[in-house]
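Written below as structure tokens is the structure these notes are about.
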Amino acid sequence: MEELLEQILSECRPFIQKGKVATYIPELAKQEPNDFGIYVQNSDGSHYCAGDCTKHFTIQSIVKPVLLLLALMDNGVEGVCAHVGVEATGKPFDAINVSDKSLLSEHFNPMVNAGAIVLCSLLKGESYDVRFERLLNLVRQLADNPEIGVDEAVFRSEQECGYKNRALAYLLKAHGLLQDDVEAVLRCYFRACSIRVCSRDLAHIGMTLANHGRHFKTDERLFPAEYARFVNAVLMTCGMYDGSGEFAIRVGIPAKSGVGGGIMGVVPTRMGIGIYSPALDEKGNSVAGIRALEQLSKRMYLGIF
């Protein structure tokens, strides 16, 4: 298996040159574009890796499925669906509604920035610091890694330069879709995106979703299977931004990307996959990472369709 992973990385490495690291968050511009790693966690406990699989990076939008999961655990399916939709937007992840019509909750899903900002407001906790700590602890639990923390430099960069997310949050506030203090919500959201992980962590989170809420090592139930199905379905239709349809055809598994260069893949009942390659396409997805997942899916028959 590791030989296969090495082969896939070698074949897909040239695609790195077709992408660029994210620069709108200044700290992300410092990433090494040639980093490339993959980690596969199987349901039987075996795992395989290749390349820069221990390299750390910020989770960015890959925190959104965990954020959705915690919101489901706190509010249930109906409570979440009362505040966000589940349909793909067909627009970039940070798109701003510019029409004169009222912005409604069904206009965005949990995998775009507006939806994720709303989800932060649904978490339970007496303060947004408490809510963030609950989210961080869930990430640690799902990843089976108590050492996961926040990249403070990236957080400060997000906080200082997150103009578009700030505009989105105030737009949500103006339309009555965000009740709490905007800056408090954004601080939670920016910190969530700045959580520091590696490919192994993503593979473990993906494996728990693939295992429908049961920890793949202990078989402990961490959350209801219903919530895993909900999250996986949203990942399938919306997880790769406005490239989700093409990804479904080419790869065929639930997945979530982040502008930090990570991709988390979920192969129901079989495996979780973590990939890191920070050179992105114009939609914010890892160019070489998608190619690697496509090859792995074809060679191991991972597609769910």
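Basis for what follows: all heavy atoms, side chains included, without hydrogens, waters or symmetry-related copies.
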V118 backbone acceptor or donor facing S121 side chain under 3.5 Å: yes
Would you check if the side chain of N109 reaches a backbone N or O of E87 as a donor-acceptor pair within less than 3.5 Å? yes
In terms of hydrophobic clusters joined by side-chain contacts under 4.5 Å, are I195 and I117 together? yes
Looking at Y128, I'd like to know if the NZ or CZ of R131 sits under 6.0 Å from its six-membered ring centre while staying within 45 degrees of the ring's axis. yes
Is the backbone of G284 close enough, under 3.5 Å, to the side chain of D281 for a donor and an acceptor to pair up by distance? yes
With a 3.5 Å cut-off and no angle check, do the side chains of S127 and D129 form a donor-acceptor pair? no
Under 6.0 Å from the ring centre and within 45 degrees of the ring axis: does the NZ or CZ of R13 meet both conditions for the six-membered ring of F36? no
Check whether the ring centres of Y276 and H56 lie less than 6.0 Å apart, and answer yes or no. no
For Y39, does its backbone N or O pair with a side-chain atom of R200 as donor and acceptor, under 3.5 Å? no
Is there a path of hydrophobic side-chain contacts, each under 4.5 Å between heavy atoms of I, L, V, M, F, W or Y residues, that connects I205 with L119? yes
Take a 6.0 Å sphere around NE2 of H212 and say whether it holds more than 12 heavy atoms from other residues, nucleotides or ligands. yes
Which atom pair, heavy atoms only, marks the closest approach of G37 to S199? O-OG, 3.9 Å
Just by distance, do the side chain of Q41 and the backbone of S46 share a donor-acceptor pair under 3.5 Å? yes
Do F247 and V266 land in one hydrophobic cluster if side-chain heavy atoms of ILVMFWY residues count as linked below 4.5 Å? no
May I ask whether L293 and I16 are part of the same hydrophobic cluster, defined by side-chain heavy atoms of I, L, V, M, F, W, Y residues being less than 4.5 angstrom apart, directly or through others? yes
Flag the pair K298 and E294 as a salt bridge only when some basic side-chain nitrogen lies within less than 4.0 angstrom of an acidic carboxylate oxygen. yes
Is there a donor-acceptor contact under 3.5 Å linking the side chains of Q7 and E3? no
Report yes if some heavy atom in the side chain of L302 is under 4.5 Å from a heavy atom in the side chain of M271; otherwise report no. yes
I273 versus I253: any side-chain heavy-atom pair under 4.5 Å? yes
Determine the minimum heavy-atom distance between L123 and R134, stating which atoms define it. C-NH1, 4.4 Å
Give a yes or no on this: more than 12 heavy atoms of other residues, nucleotides or ligands lie within 6.0 Å of atom CZ of F305. yes
Is there a side-chain contact between L296 and L4 in this structure, where contact means two heavy atoms from C-beta onward sitting under 4.5 Å apart? yes
Looking at side-chain heavy atoms only, is the closest gap between F223 and L138 below 4.5 Å? no
Might you point out which heavy atoms bring D180 and K173 nearest each other, and give the distance in Å? O-NZ, 3.1 Å
Backbone N/O of N165 and side chain of N113: donor-acceptor pair under 3.5 Å: no
Do L69 and M236 belong together in a cluster built from hydrophobic side chains that touch within less than 4.5 Å? no
Of all heavy-atom pairs linking L136 and I148, the shortest is CD1-O, 3.9 Å
Taking the side chain as every heavy atom from C-beta outward, state whether V21 and P278 have any pair of such atoms under 4.5 Å apart. yes
Going by distance alone, is a donor N or O of one side chain under 3.5 Å from an acceptor N or O of the other, for N137 and R140? yes
What I'd like to find out is whether the side chain of F57 reaches to under 4.5 Å of the side chain of D52, using heavy atoms alone. no
Please answer whether the main-chain N or O of P268 pairs with a side-chain N or O of N232 as donor and acceptor at a distance below 3.5 Å. no
Verify, without hydrogens or angle tests, whether K64 (side chain) and M111 (backbone) share a donor-acceptor contact under 3.5 angstrom. yes
Do any N or O atoms from the side chain of Q31 and from the backbone of L28 form a donor-acceptor pair under 3.5 angstrom? yes
We want to know whether N34 and E32 form a side-chain donor-acceptor pair, criterion being a heavy-atom distance below 3.5 angstrom. yes
Look at the side chain of S157 and the backbone N and O of A153, then say whether any donor-acceptor pair between them is shorter than 3.5 Å. no
Is the number of heavy atoms from other residues, nucleotides or ligands under 6.0 Å of E246 CD greater than 12? no
To check you understand the geometry: which heavy-atom pair defines the closest contact between L202 and G262, and what is its length? CD1-CA, 4.3 Å
Taking every heavy atom of E27 against every heavy atom of K30, the minimum-distance pair comes out as OE2-NZ, 2.8 Å
Is there side-chain contact between R250 and R291, with at least one heavy-atom pair below 4.5 Å? yes
